[in-house]
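Just the heavy atoms: all of them, side chains too, but no hydrogens, waters or symmetry mates, feed the values below. Start at 1 with the first residue, then count along the sequence. All values reported here derive from a predicted model rather than from experimental measurement.
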Amino acid sequence: MNKKGLAILMRTRMKPGDPRKLALLPHADLAKETTAENERNESPGYGMKDDGGEGNRKLSPSSNKNRTFEQVKESMHSAISMNKAEFLDAVLSDFSEGYFDLSLENRRKLLLVLAREYDLNRVQVRQLINQYIGLELPKDDGALVDSAEEEGLLSTFYRIERNLSHALKPVYEVLFERLNTHPGGLKFLVIMRADILCIFTEGNVASLRALDSYLKVKLSTLLSPAALEIHQITWNDPASLLEKIVAYEAVHPISNLVDLKRRLGVGRRCFGYFHSAIPSEPLIFIEVALLNNVAQNIQEVLWDDPPIPENEATCALFYSISSTQPGLAGINLGKFLIKRAVTLLKREMAQISTFATLSPIPGFMSWLLSKLGSQSKLAEIEALPHSSTDGSASSFWENILKPEEERAFLSLSGPGNYSEFGAMKNGMEVMLHILTSKNLDWKNPSELQAVLKPALMRLCARYLLKEKKRGKALDSVANFHLQNGAMVQRINWMADLSEKGFHQSGGIMVNYIYRLDNIEEYAQSYFSTGHIQASTDLLSLLETQV
């Protein structure tokens, strides 16, 4: 094993199925890790300035003094209110280091102070609005303004509008602006937003929600595609960068060094978006397999089939996209990364004509089990003698199984079959029991699987194409690709045999296709009407019950 492989292995302590907890730590441990990585870099790679990671050291809680909440609160106030530029860097460093000295509870308190006490001045806003309302509107007849009186009136409008625009900016914008120009400040803002998002799991606070919205817009501007650089990550990159790929891979965990090297080798590509202010790690990265057909299961991409010669590839399959920063949730960098990756691949290999994904369906089983549970209960109520006169359940009840599927599930309780289904009244109850039972193995070819497959495939198609939230696809991954201009091409049975794959989607995966000539049209159609482009074969699974 070479030195790089040994370094990655020792530092990541890779285990199959490791949850990669590093990707979920937006707090001080992440700052420590980032600083340590920069200090260890021996051969700076892409975007990695050999500055010893000075920007990230500003974030490290390495100070010997542990600051109290009041001390950090005071340093935050100084960072916002100070006007002496020569001392500002020191004050910002003191605040950022002090922030990481705080417990999570004290960070929560500090962020609430920032949201409430450094919001906009609503008294001033109201005064300016009243002044504006009190002005007589200038003439709007298209004539040139000649009189000094009209010019003066317009000047008053412009002045109040300018002052109102300034007053509508919260005071904490000053802190964001100053941190952005401070070494390591952009990473600090990302970590701060991750802390805010963690607080939302405890409850919704209006002022904090406003702070988050403002910071999200700020980060979206700072991390626009024009400010980001795309880089192909290879085995030749520093071990510290490859360690990040292992740690942050969120879709298909990297199980060992052989797995990692294959994903970065012949027939594979890995592209990451980097920002010069956070040089030590990609903000988001995408993994690509070069194939001659659109893959139908993840096993052939990760393990089963050897890579084909790259000059024979006609399909670029995106099989994993992972964000490394919890604080960038809701900021769609993936859309731009996919487009940039397509451009690079087309430039490198003109013979590639198909751009597709092999994607998980993370919400399918959760939706299905909930649907089966509620509908089977309502079916029991419908069967009661009083149900015809009561009618309370009728408007909500729906047999989500087709008649032939219902019969197939109920037949499992027949003579010589599964006696445990004998007391069950409907097919949905049987299906729910099969999917949740620890005693029944339906994951291998069997009578159970033969009965399950038609229903699961059809219901999965329904989930992807028909189940909506606010007019958009209920499944988060589907919504991501559809808003980027993809179409749903095919769902694949037994495509992900991992425990996670069965838990999330019953082992089913989906192919999305990016047709380069239709991307903008499909994205606009989905955005404006919620219309989902799908193949004829997939639509045929949604035939009306008879």
Student: Measuring only between side-chain heavy atoms, which start at C-beta, is L114 closer than 4.5 Å to M76?
Tutor: yes
Student: State, with a plain yes or no, whether a side-chain heavy atom of R262 is found less than 4.5 Å away from one of P307.
Tutor: yes
Student: Does any N or O in the side chain of D237 come within less than 3.5 Å of the main-chain N or O of T234, such that one atom is a donor and the other an acceptor?
Tutor: yes
Student: Which value, rounded to the nearest 0.5 Å, describes the distance between Y99 atom OH and N106 atom CG?
Tutor: 11.0 Å
Student: State whether a side-chain donor-acceptor pair under 3.5 Å links Y512 with N484.
Tutor: no
Student: Should Q131 and L164 be marked as a side-chain contact (heavy atoms from CB on, under 4.5 Å) after you check the CA-CA gap, both sets of side-chain angles, and the distance that decides it?
Tutor: CA-CA 10 Å; Q131 291 177 31; L164 184 58; over 6 Å; no
Student: Donor-acceptor pair, distance only, cut-off 3.5 Å: does the side chain of S165 make one with the backbone of R162?
Tutor: no
Student: One thing to verify: whether D212 and K216 come together as a salt bridge, which I'm taking to mean a side-chain N less than 4.0 angstrom from a carboxylate O.
Tutor: no
Student: Check F502 against L497 and note the closest heavy-atom contact, atom names and distance.
Tutor: CE1-O, 3.5 Å
Student: What distance separates I129 CD1 from Q124 CD, expressed to the nearest 0.5 Å?
Tutor: 11.0 Å
Student: Are any side-chain N or O atoms of R107 and backbone N or O atoms of M192, one a donor and one an acceptor, separated by less than 3.5 Å?
Tutor: no
Student: For S374 versus K371, what's the shortest heavy-atom pair and its separation?
Tutor: OG-O, 3.2 Å
Student: Using a strict threshold of under 4.0 Å (side-chain N to carboxylate O), is an ion pair present between R263 and E287?
Tutor: yes
Student: How long is the straight-line distance from CH2 of W367 back to CG of L474, given to the nearest 0.5 Å?
Tutor: 9.0 Å
Student: Which pair of heavy atoms, one from L219 and one from R193, lies closest together, and at what distance?
Tutor: CD1-CD, 3.9 Å
Student: Please round to the nearest 0.5 Å and tell me the distance separating atom CG of L283 and atom CG of L223.
Tutor: 6.0 Å
Student: Compare all side-chain heavy atoms of I245 with those of I233 and state whether any distance is below 4.5 angstrom.
Tutor: yes
Student: Taking all heavy atoms of I361 and all of C460, pick out the closest pair and write down the distance.
Tutor: CD1-SG, 3.5 Å
Student: Are there over 12 heavy-atom neighbours, none belonging to K466, within less than 6.0 Å of that residue's NZ?
Tutor: no
Student: With a 4.5 Å limit on heavy-atom distance, are the side chains of L111 and Y172 in contact?
Tutor: no
Student: Is it the case that over 12 heavy atoms from other parts of the model lie below 6.0 angstrom from the CZ atom of F200?
Tutor: yes
Student: Passes ring pair (Phe, Tyr, Trp, His ring centres under 6.0 Å), Y248 versus F285? Steps please.
Tutor: CA-CA 9 Å; Y248 291 125; F285 61 91; 7.5 Å; no
Student: Check whether any side-chain heavy atom of F271 lies under 4.5 Å from a side-chain heavy atom of R340, and answer yes or no.
Tutor: no
Student: How far apart are the C-alpha atoms of Y273 and I286, what are their side-chain angles, what is the distance that settles it, and do they pass the side-chain contact (heavy atoms from CB on, under 4.5 Å) test?
Tutor: CA-CA 9 Å; Y273 251 158; I286 192 167; over 6 Å; no
Student: Between the side chains of Q533 and E521, is a donor N or O closer than 3.5 angstrom to an acceptor N or O?
Tutor: no
Student: Counting only N and O atoms by type, is there a donor-acceptor contact under 3.5 Å from the side chain of S505 to the main-chain atoms of G501?
Tutor: yes
Student: By salt bridge (Lys or Arg N to Asp or Glu O under 4.0 Å), which residues pair with E202, not counting sequence neighbours?
Tutor: R108
Student: Go through M509 and N297 one step at a time and tell me if the side-chain contact (heavy atoms from CB on, under 4.5 Å) criterion holds.
Tutor: CA-CA 7 Å; M509 298 188 77; N297 67 75; over 6 Å; no
Student: Could you pull out the closest heavy-atom pair between L264 and C270, with the gap in Å?
Tutor: CD2-CB, 3.7 Å
Student: Side chain to side chain donor-acceptor pair (under 3.5 Å): which pairs involve residues 74-85, sequence neighbours left out?
Tutor: H77-Y118
Student: With a 4.5 Å heavy-atom cut-off, do V288 and L345 have their side chains touching?
Tutor: yes
Student: So, Y526 versus Q483: side-chain donor-acceptor pair below 3.5 Å or not?
Tutor: no
Student: Of the non-hydrogen atoms in I321 and G334, which two are nearest, and what is the gap between them?
Tutor: CD1-CA, 3.8 Å
Student: Do any N or O atoms from the side chain of N492 and from the backbone of I508 form a donor-acceptor pair under 3.5 angstrom?
Tutor: no
Student: Nearest 0.5 Å, what's the CD1-NZ distance between I199 and K109?
Tutor: 12.5 Å
Student: Give a yes or no on whether the backbone of F95 and the side-chain of R67 come within a donor-acceptor separation of less than 3.5 Å.
Tutor: no
Student: Parallel, tilted or perpendicular for F364 and Y463, by the 30°/60° rule?
Tutor: tilted
Student: Just by modelled atom types, is the L464 backbone N or O under 3.5 Å from a matching donor or acceptor in the D475 side chain?
Tutor: no
Student: May I have the step-by-step check of side-chain contact (heavy atoms from CB on, under 4.5 Å) for K244 and T324, ending in yes or no?
Tutor: CA-CA 8 Å; K244 295 289 194 300; T324 69; over 6 Å; no
Student: How long is the straight-line distance from OH of Y214 back to CG of L120, given to the nearest 0.5 Å?
Tutor: 9.0 Å
Student: Under a 3.5 Å distance rule, please check whether E249 uses its side chain to pair with a backbone N or O of V251 as donor and acceptor.
Tutor: yes
Student: For the residue pair R178 and H182, establish whether any side-chain heavy-atom pair is separated by less than 4.5 Å.
Tutor: no
Student: Any donor and acceptor pair, going by atom type alone, linking the side chain of S322 with main-chain N or O of A250 inside 3.5 Å?
Tutor: yes
Student: Less than 4.5 Å apart, any side-chain heavy atom of H166 and any of N163?
Tutor: no
Student: Test your reading of the model: is there a side-chain donor-acceptor pair from K468 to the backbone of G530, 3.5 Å cut-off?
Tutor: yes
